[in-house]
Amino acid sequence: MELSFRHLVSASQVTRPDADFLVERAREMEEAMKDRNAFRHVKKYRKMFRDKCVASLFYEPSTRTRFSFERAVKKFGGEVMTADGFQFSSLYKGESVADNTRVIAGYDIDAIIMRHPHDGSAQEAADALDEYRLETGRHVPFINAGDGKNEHPTQAALDLKTIQDECGRLTGLHVALVGDLLRGRTVHSLSMLLSLYEGNHLTFATPGLLRLPGHVKDLLKARNVSFDEVNSLEPALDADVCYMTRSQNERSKQGWSLWERWKKTLRYLFQKNEIEPQFTLTADLLRGKNTVIMHPLPRNGEIATDIDRLPNAAYFRQARNGLPMRMALLSELMNTAKQENESDESYGWRRAA
Ligand code: NCD
């Protein structure tokens, strides 16, 4: 089967067959990596990545996403070129994401992975690569590795595999998403993927004002997903999965409505010592419960370290799923690009002179 998308910008592009296929392919990658001999079945991909170069553009800090993507390319024998940090790229001089991406693609780059602090930058980059394709006839797939507070679809894909591994299914689950849901992009993308599976109920647990943005709720409503919003941690403790997130304090408050800002100011004036509220999970709270605990990491005190050894603490297994899932995604998108670029039809994309 072939994925229904050519660039991965948003989890809302992913269909149920895409999601099932990616989870399955990631499992195959994982199995293949357990045994070096078995890895030969991905030899065709090794060959496919030979002489191929992936640009890894991280204009915002990253450990897991960047390392797992770059390792995925290298596992397949490909080359990686990295742009590290905003201040060392032409973006610092005021270049647009569109120009930057299009120029980089032109250096015989075969796929572009980008993380950027602005919402919507991923769409801008993908559109620029479509323009590049119109100009040159060559398709360069784009993968969003996190755009501002908006989305992080590849994290959501590996989260989906983790839920399947831990719970044995993706349907009929109660999944609680906890923390800074306003600015936590992983939750936006994961809710979209969970909405593809029937019978799931989502509980969004937020301290204070950090509620899920309206556009994500609208998508869930349009897909008839059952969900509720609460202001306490307790309901999350009895869910099948409790997905914790950190407070994204480095993000600006843009995107907060005037009313939210006004409420925040009032609170600040009347409770002088108020700090950004946060829920903290401790082993005591989890006693007697087997709720699967997930977190995209990095954590910032939301999960006490005494939970790490509990069998239901899944966040390090979750992080490890980044490699097989990103191998699956990259190999599929690059395989499609290769076929399209080698077929005569791809020239149909060339803009008439
Ligand atoms: C997340 C991110 O960058 O959005 N981390 C990740 O990719 N694993 C979550 C975060 O930064 O809090």
Side-chain angles (χ1 to χ4, degrees), residues 8-12 22 26 56-72 82-86 113-123 125 143-163 175-193 204-207 210-213 216 241-255 276-281 293-303 308 313-327 329-330:
L8 181 56
V9 172
S10 160
S12 63
L22 282 173
S56 154
L57 314 178
F58 280 83
Y59 299 124
E60 201 183 60
S62 172
T63 301
R64 280 147 286 273
T65 309
R66 182 170 151 196
F67 269 76
S68 54
F69 260 125
E70 296 190 359
R71 184 72 183 114
T82 309
D84 214 353
F86 217 78
I113 298 159
M114 186 183 80
R115 169 171 289 189
H116 191 284
H118 295 161
D119 301 17
S121 52
Q123 189 62 59
I143 300 176
N144 179 6
D147 63 327
K149 337 180 262 331
N150 189 31
E151 279 214 51
H152 194 349
T154 67
Q155 175 70 40
L158 73 92
D159 292 342
L160 209 61
K161 175 179 183 300
T162 311
I163 296 174
V175 180
L177 301 117
V178 181
D180 183 349
L181 309 185
L182 180 67
R183 300 170 297 179
R185 56 195 173 194
T186 68
V187 168
H188 307 163
S189 299
L190 179 57
S191 319
M192 293 174 189
L193 292 193
F204 297 106
T206 43
L210 304 169
R211 293 238 193 108
L212 196 72
V216 183
V241 176
C242 173
Y243 187 102
M244 301 293 292
T245 61
R246 74 181 171 94
S247 188
Q248 307 270 320
N249 288 322
E250 76 277 24
R251 304 219 175 276
S252 74
K253 306 271 188 293
Q254 46 159 267
E276 200 71 76
Q278 177 176 302
F279 291 139
T280 306
L281 212 52
I293 309 299
M294 292 175 63
H295 193 306
L297 302 177
R299 65 176 148 180
N300 236 327
E302 311 78 39
I303 302 183
D308 295 0
Y315 32 96
F316 290 115
R317 293 192 286 279
Q318 180 185 358
R320 286 197 289 274
N321 276 327
L323 179 58
M325 180 50 80
R326 289 178 172 123
M327 285 169 78
L329 183 66
L330 257 176

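Just so you know, ligand 1 is whichever comes first in the structure, and atom 1 is the first atom listed for that ligand. Below, all heavy atoms of this structure are taken into account, side chains as well, without hydrogens, waters or symmetry copies.
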Write out each pair where an N or O from ligand 1 and one from the protein are under 3.5 Å apart, with the distance.
from	atom 1	to	atom 2	distance (Å)
ligand 1	3 (O)	Arg115	NH1	3.3
ligand 1	3 (O)	Arg115	NH2	3.3
ligand 1	3 (O)	Arg185	NH2	2.9
ligand 1	4 (O)	Arg185	NE	2.7
ligand 1	4 (O)	Arg185	NH2	3.3
ligand 1	5 (N)	Leu297	O	2.9
ligand 1	7 (O)	Thr65	OG1	3.1
ligand 1	7 (O)	Arg115	NH2	3.1
ligand 1	7 (O)	His152	NE2	2.8
ligand 1	8 (N)	Gln155	OE1	3.2
ligand 1	8 (N)	Pro296	O	3.0
ligand 1	8 (N)	Leu297	O	3.2
ligand 1	11 (O)	Arg246	NE	3.4
ligand 1	11 (O)	Arg246	NH2	3.0
ligand 1	12 (O)	Arg246	NE	2.6
ligand 1	12 (O)	Arg246	NH2	3.4
ligand 1	12 (O)	Gln248	NE2	2.8

Practice problem: Evaluate the side-chain hydrogen bond (donor to acceptor under 3.5 Å, both in side chains) criterion for residues Arg326 and Thr154: first the C-alpha distance (whole Å), next the side-chain angles of each, then the deciding distance (0.1 Å), finally the verdict. | Solution: CA-CA 7 Å; Arg326 289 178 172 123; Thr154 67; 3.0 Å; yes
Sorted by chain and number, sequence neighbours left out, side chain to side chain donor-acceptor pair (under 3.5 Å) with Ser62 holds for none
key: Aromatic Phe58 / basic Arg115 pairing, under 6.0 angstrom, 45° off normal   = no
Sequence neighbours excluded, the answer for side chain to side chain donor-acceptor pair (under 3.5 Å) partners of Ser191 is none
Residues passing the salt bridge (charged side-chain N to carboxylate O under 4.0 Å, His left out) test with Arg299, sequence neighbours excluded, are Asp308
Checklist entry - Would Phe279 and Glu302 count as a side chain to side chain contact (heavy atoms under 4.5 Å, CB included) if you check the C-alpha gap in whole Å, the side-chain angles of each, and the deciding distance to 0.1 Å? => result CA-CA 6 Å; Phe279 291 139; Glu302 311 78 39; over 6 Å; no
